[in-house]
Amino acid sequence: MNGSALWKRVLQPAVVVILLVVVIGIPLYLALVTSAKSQGEANIPDLSLPSSWHIADNYSKAFTQGDVPWALFGSLLVMVPAVVGVLVFGSLASWVLARRSGRTVSILYSAAISGIILPPAVVTIVLLLRQLGLASTPFGMMCVYMGMYMSLVIFFITGFIRTIPLELEEAARIDGAKPLMIFVRVILPLLRPVIATATILICLYIWNDVFYSFFVLGGGSVTTLPLNLYSVASSNLYQNNWNLVFAYVILMSLPLVVIFTFAQRRIISGITGGAVK
């Protein structure tokens, strides 16, 4: 076995596994172990197992004292409509941009995807929401997320629609289908793989966001899980209670892990289904 074959078959997989363990495995292990320690042991973070396990006590305190149910409701209240809205409007816009040609359409497409590289102006967003009376409201936060991630959705879906044969739409049009019916019955079922991918990314961004929610929702009646974690961790409630902080982090991550698991299966099923067709 020469050096190139040895690297591809043995060394390269070993390096990948080591990197995954260092980058993902160790932080995850540290969070899980620390969430099961007592307050005194958690204040000195290390990779050792706890001398006595406090799993039920720590997680119950983080759930009740950290007000996890209300924060979970706020996260879902903001995330679900924002994800649905950005996918619906983004896929419709992508269909139009993918099937039209010309300089005007090219300019519109460039403007639509410019949000991928241009960072949102937080101060301007907050001032605009105050002028509209949407500051510190869930609807205002939804609009911010939809505006932020619309470019990403259009970029993904437009490229995917361009690979779909135009003859499918022409056949439906000959049968008398209206444009909206063509999109719902012909285009939308074929977009399941890319929509699942976009859903994973957007859910990940929104669920873990604390920066924009701090400026938009700060001081309002609705909070999200990351924003609530920031509030309780910086208050006297969780001061020097790293065991409760990490227990809160684990609880906050569980719904996203479930979403990712089911969405990943949809991606695989959608790709294999499209390949068979």
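Predicted, not measured: the structure shown is a model, and the values here were computed from it.
When all heavy atoms of A71 and Y248 are compared, the pair lying nearest together is CB-OH, 3.8 Å. Counting all heavy atoms, side chain and backbone alike, Y59 lies closest to A247 at CE2-O, 3.7 Å. Of all heavy-atom pairs spanning L30 and T34, the tightest one is O-OG1, 2.6 Å. Counting all heavy atoms, side chain and backbone alike, W207 lies closest to S75 at CZ3-CB, 3.8 Å. The heavy-atom pair separating K37 from L49 by the smallest distance is CE-C, 4.4 Å. Annotation for R99 and E169: closest pair NE-OE2, 2.6 Å, computed over non-hydrogen atoms.
Between I164 and L191 the shortest side-chain heavy-atom distance falls below 4.5 Å. Considering only heavy atoms from C-beta on, L217 stays 4.5 Å or farther from T223 through its side chain. Taking the side chain as every heavy atom from C-beta outward, L229 and V210 never approach each other to under 4.5 Å. Contact check for I26 versus Y29: no side-chain heavy atoms found under the 4.5 Å cut-off. Two residues are said to be in side-chain contact when any heavy atoms from C-beta on lie closer than 4.5 Å; F63 and L251 meet this criterion.
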#### Entry: Stepwise side-chain contact (heavy atoms from CB on, under 4.5 Å) check, L256 with L204
CA-CA 7 Å; L256 194 61; L204 178 65; 3.5 Å; yes

### Task
Please report the C-alpha distance between I161 and V194 in whole Å, then the side-chain angles of each, then the deciding distance to 0.1 Å, and finally whether the side-chain contact (heavy atoms from CB on, under 4.5 Å) criterion is met.
CA-CA 10 Å; I161 291 178; V194 69; over 6 Å; no

#### Entry: Audit row: Q65, L244, side-chain contact (heavy atoms from CB on, under 4.5 Å) steps and yes/no
CA-CA 10 Å; Q65 296 179 5; L244 301 183; 4.3 Å; yes

### Message
ring-ring contact (aromatic ring centres under 6.0 Å, His included) for F211 and F215? Distances and angles first, verdict last.
### Response
CA-CA 7 Å; F211 180 77; F215 288 99; 5.1 Å; yes

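The structure places OG1 of T224 at 11.0 Å from CE of M79, a figure rounded to the nearest 0.5 Å. Atom-to-atom distance recorded for N58:CG and I250:CD1 is 11.5 Å, nearest 0.5 angstrom. We find the OH-OH distance between Y145 and Y205 to be 13.5 Å, quoted to the nearest 0.5 Å. The CG atom of L77 sits 11.0 Å away from the CG atom of L72 when rounded to the nearest 0.5 Å.
Under a 3.5 Å cut-off, the side chain of D209 and the backbone N or O of S213 do form a donor-acceptor pair. Here the side chain of N228 pairs no donor or acceptor atom with the backbone of V68 at under 3.5 angstrom. The backbone N or O of L32 lies less than 3.5 Å from a partner atom in the side chain of S35, making a donor-acceptor pair. Remark: the backbone N or O of P226 is not paired with any side-chain donor or acceptor of N208 at under 3.5 angstrom.
In the displayed structure, F89 atom CZ is contacted under 6.0 Å by at most 12 heavy atoms of other residues, nucleotides or ligands.
Residue V78 is grouped with residue L76 when hydrophobic side chains (ILVMFWY) are merged at heavy-atom distances under 4.5 angstrom, including chains of intermediate members. Hydrophobic clustering (side-chain heavy atoms under 4.5 Å, transitive across Ile, Leu, Val, Met, Phe, Trp, Tyr) groups V184 together with F160. In the hydrophobic clustering of ILVMFWY residues, with side-chain heavy atoms under 4.5 Å counting as a link, V257 and V83 come out apart.
Of the N and O atoms on the side chains of N241 and Q39, at least one donor lies less than 3.5 Å from an acceptor on the other residue.
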List the atom pairs, donor and acceptor, that lie under 3.5 Å between side-chain atoms in residues 122-144 and the rest of the protein, sequence neighbours left out.
from : atom 1 : to   : atom 2 : distance (Å)
S136 : OG     : G218 : O      : 3.4
T137 : OG1    : L134 : O      : 2.4
T137 : OG1    : G140 : N      : 3.2

Donor-acceptor list for residues 146-159 side chains, cut-off 3.5 Å, not counting sequence neighbours:
from : atom 1 : to   : atom 2 : distance (Å)
S151 : OG     : A112 : O      : 2.5
S151 : OG     : G115 : N      : 3.2
T158 : OG1    : S94  : OG     : 3.4
T158 : OG1    : I154 : O      : 2.6

